[in-house]
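To start, the structure under review is shown below, and the notes come after it.
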2 protein chains.
Amino acid sequence: MRIGEKPEIARLPLFREMAEKQRDLVLAGSYLQVFPPQLTLFEAGQDADFLHVLVDGLVELFVQGAGRDTTMRIVEPISSYILAAAVTDMPYLMSARTLASSRILLVPAAQLREAIREDSALMHAAMHELALGYRDLVRALADMKVRQSAERLGNCLLEYSNRRGNRDQFELIGEKRLLASLLGMTPENLSRAFGTLKNHGVALDGSQVTIENRERLRLFARPDPVPGDSR
Amino acid sequence: MRIGEKPEIARLPLFREMAEKQRDLVLAGSYLQVFPPQLTLFEAGQDADFLHVLVDGLVELFVQGAGRDTTMRIVEPISSYILAAAVTDMPYLMSARTLASSRILLVPAAQLREAIREDSALMHAAMHELALGYRDLVRALADMKVRQSAERLGNCLLEYSNRRGNRDQFELIGEKRLLASLLGMTPENLSRAFGTLKNHGVALDGSQVTIENRERLRLFARPDPVPGDSR
DNA sequence: GCCACTCCTTGATAAACATCAAGTCGAGCG
DNA sequence: CGCTCGACTTGATGTTTATCAAGGAGTGGC
């Protein structure tokens with residue numbers, strides 16, 4: 001891999017605390033590759049040969065079940081994904097595809113597992129990352145079970161805003177149908193959900209979202225009382 | 001804690017591989033307590049002071065969001081729960097209540113975290129446990145998003161059967177409304193879902209489920225192609 | 001044995017959501 | 001500039017699910 005990428009990758013929560021020697025060893029065995037948009041990186045059921053680190057671009061994790069696809073996560077740089085499959089040496093549960101031209105670091109899973117055994121700080125970071133991911137999923141599943149679509153969208157927008165320092169205006173990432181799939185609804189219903197949120201303090205112009213009245217939105221969306229991890 | 005419990009607890013995946021001395025230390029600092037049925041053990045938002053290990057009885061993990069409750073997991077003995085909150089030192093995301101009179105081992109979370117730092121095998125086990133839990137949740141979330149209620153029930157029954165050595169007949173644990181909440185539907189719709197499954201190889205008598213035609217059920221429920229972890 | 005209670009089931013109705021079918025808008029291209 | 005194309009929106013309709021209401025079946029208490 002190019003030396004220029006190393007500082008950013010070394011700063012990732014997953015790799016930050018580990019011994020530098022171990023990190024260099026792991027990264028030396030990894031490949032930094034560029035993939036075109038709309039390329040399937042791997043499919044559910046395949047052996048998890050690599051941990052992925054998205055350095056640049058955009059990646060979608062999805063599962064194809066019961067006829068249709070549903071997106072499970074939108075990965076933005078810089079972050080790793082499919083850690084759970086990599087550390088357990090089990091097949092991928094999700095498939096992945098690039099949404100934009102992407103630079104991805106491929107860390108051989110076997111080598112990662114060995115480094116985890118050797119380096120206690122790395123193992124601790126992996127454990128922590130998995131625990132945070134677990135909590136995200138608990139939240140997402142509960143959301144899916146108890147809230148209806150417009151509420152889910154409202155919470156999602158509040159969370160997006162939160163991630164960007166509570167800005168009141170921001171751009172949606174990717175196409176709207178992607179967001180619809182992430183939220184477990186059809187693109188048609190996403191449109192309608194934005195329609196209902198108009199009456200609750202949210203304005204939409206293209207992919208530009210403006211939270212005009214945060215209190216009103218919170219009242220409608222009833223966000224989780226336990227705050228998120230906001231990584 | 002009573003010495004009689006130790007062998008079973010020591011055999012748990014989470015504690016199995018760690019150094020015996022460390023394990024004794026951790027267990028010595030833990031409390032084994034008996035709780036009556038229908039008692040709230042903790043609520044979402046509280047600090048995660050303890051890792052719980054259900055030794056005997058039945059526990060429900062649930063979240064109360066947007067007016068109604070939804071059960072996230074039914075814990076059967078012997079297994080630990082809320083590991084993610086305990087290792088990250090973050091507030092509980094879920095609440096817990098006993099469904100039956102239960103014996104529960106309360107492991108102080110601070111002590112657990114210290115043991116994890118000291119004992120690499122324990123840390124590895126915790127990481128593994130979290131990764132498996134993560135994968136379970138990925139599956140559950142995808143299930144919730146792409147399948148409709150009768151299909152979800154079908155898959156759930158196939159999984160229950162799977163956990164009991166692919167027996168064709170088994171008892172449902174707990175009340176049906178609990179299962180309904182776990183599957184994200186109302187008790188009324190669970191009844192109707194069992195009704196539809198009658199035409200797809202499933203018979204129900206009280207809480208006794210019989211899979212009369214597994215192939216037919218699989219055809220209807222379209223189970224996940226990637227098999228579960230079947231712990 | 002009878003009553004009260006809870007759980008479960010069944011049916012009728014309403015709400016939420018998906019699907020189908022146009023139609024609008026804007027980007028890219030000849 | 002006009003064309004095509006795809007993404008998005010909007011409306012009409014159908015399916016799925018929740019809600020409301022009532023009735024049955026089993027259990028425990030008296």
Side-chain angles (χ1 to χ4, degrees), chain A residues 37-38 58 60 65-71 74 99-100 143-157 171-200 202-209 220-222, chain B residues 37-38 58 60 65-71 74 99-101 143-156 171-200 202-209 220-222:
Chain A
Q38 297 302 327
L58 199 62
E60 176 193 7
R68 77 182 120 198
D69 289 9
T70 189
T71 115
I74 298 168
L99 296 175
D143 204 57
M144 197 67 205
K145 284 172 78 176
V146 302
R147 280 192 254 262
Q148 51 199 46
S149 54
E151 275 177 284
R152 286 204 300 278
L153 175 60
N155 277 298
C156 173
L157 296 180
E171 289 267 331
L172 295 174
I173 51 179
E175 299 176 342
K176 288 219 189 75
R177 62 176 180 178
L178 180 71
L179 179 60
S181 178
L182 183 67
L183 291 173
M185 60 181 102
T186 58
E188 291 95 327
N189 270 327
L190 179 64
S191 266
R192 290 186 254 263
F194 270 116
T196 47
L197 287 190
K198 248 183 230 161
N199 307 322
H200 299 278
V202 175
L204 177 69
D205 177 30
S207 65
Q208 188 86 359
V209 175
F220 174 79
R222 287 179 292 185
Chain B
Q38 299 301 328
L58 199 61
E60 175 192 9
R68 78 181 121 200
D69 290 8
T70 188
T71 115
I74 299 167
L99 296 175
S101 177
D143 204 57
M144 199 66 206
K145 284 172 77 177
V146 302
R147 280 193 253 263
Q148 51 199 45
S149 54
E151 275 178 284
R152 285 205 300 278
L153 175 59
N155 277 300
C156 173
E171 289 267 331
L172 296 175
I173 50 177
E175 298 176 346
K176 288 218 188 77
R177 61 177 180 179
L178 180 69
L179 179 60
S181 178
L182 182 68
L183 291 173
M185 61 180 102
T186 57
E188 292 94 324
N189 271 328
L190 180 64
S191 267
R192 291 186 254 264
F194 270 116
T196 10
L197 288 190
K198 250 184 227 162
N199 307 321
H200 299 277
V202 175
L204 176 69
D205 177 29
S207 64
Q208 188 86 0
V209 175
F220 174 79
R222 289 178 292 184

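Here is how names work: the chains are called A, B, and so on, in the same order as the sequence lines, proteins then strands, and each is numbered from 1.
When the P atom of D/dT9 is taken as reference, atom NZ of A/Lys198 falls 9 Å away, rounded to whole Å. Distance, B/Arg192 CZ to C/dG11 P: 9 Å, rounded to whole Å. One interatomic measurement links the two molecules: CZ of A/Phe194 to P of D/dC8, which rounds to 11 Å at whole-angstrom precision. Spacing between atom CG of A/Asn189 and atom C1' of C/dA15 amounts to 13 Å, rounded to whole angstrom units. The distance between atom CD of B/Glu175 and atom C1' of D/dA25, rounded to the nearest whole Å, is 15 Å. What separates CG of B/Leu190 from C1' of D/dT19 is a distance of 16 Å, to the nearest Å. Straight-line distance from the CE atom of B/Met144 to the P atom of C/dC17: 11 Å, rounded to whole Å. Rounded to a whole Å, the CG atom of B/Leu172 is 10 Å from the P atom of C/dC8.
Side-chain atoms of A/Arg177 lie closest to D/dC8 of the nucleotides D/dG11, C/dC17, D/dC8. With C/dA18, D/dT16, C/dC8 as the choices, the nucleotide that has an atom nearest any side-chain atom of B/Lys176 turns out to be C/dC8. The side chain of B/Glu188 has D/dT19 as its nearest neighbour among C/dC20, D/dT19, D/dT16.
An OP1 or OP2 oxygen of C/dT10 is reached within less than 4.0 angstrom by no side-chain nitrogen or oxygen of B/Ser191. In this structure, A/Arg152 does not reach the C/dA16 phosphate: none of its side-chain N or O atoms is under 4.0 Å from OP1 or OP2.
Checking side-chain atoms of B/Arg177 against main-chain N and O of B/Glu188 turns up no donor-acceptor pair under 3.5 Å. The backbone N or O of B/Gly206 sits less than 3.5 Å from a side-chain atom of B/Lys176, completing a donor-acceptor pair. Formation of a donor-acceptor pair under 3.5 Å by the B/Ser181 side chain with backbone atoms of B/Leu178 is not found in this model. Side-chain atoms of A/Lys198 do not come within 3.5 Å of backbone N or O of A/Ala193 as any donor-acceptor pair.
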Verdict with reasoning, A/Arg152 to A/Val146, per side chain to side chain contact (heavy atoms under 4.5 Å, CB included) | CA-CA 9 Å; A/Arg152 286 204 300 278; A/Val146 302; over 6 Å; no

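Counting any heavy atom pair closer than 4.0 Å across all strands shown, B/Arg147 reaches no nucleic acid atom. Residue B/Gly184 is in sugar-phosphate contact alone, with no base atom involved, counting any heavy-atom pair closer than 4.0 Å across all strands shown.
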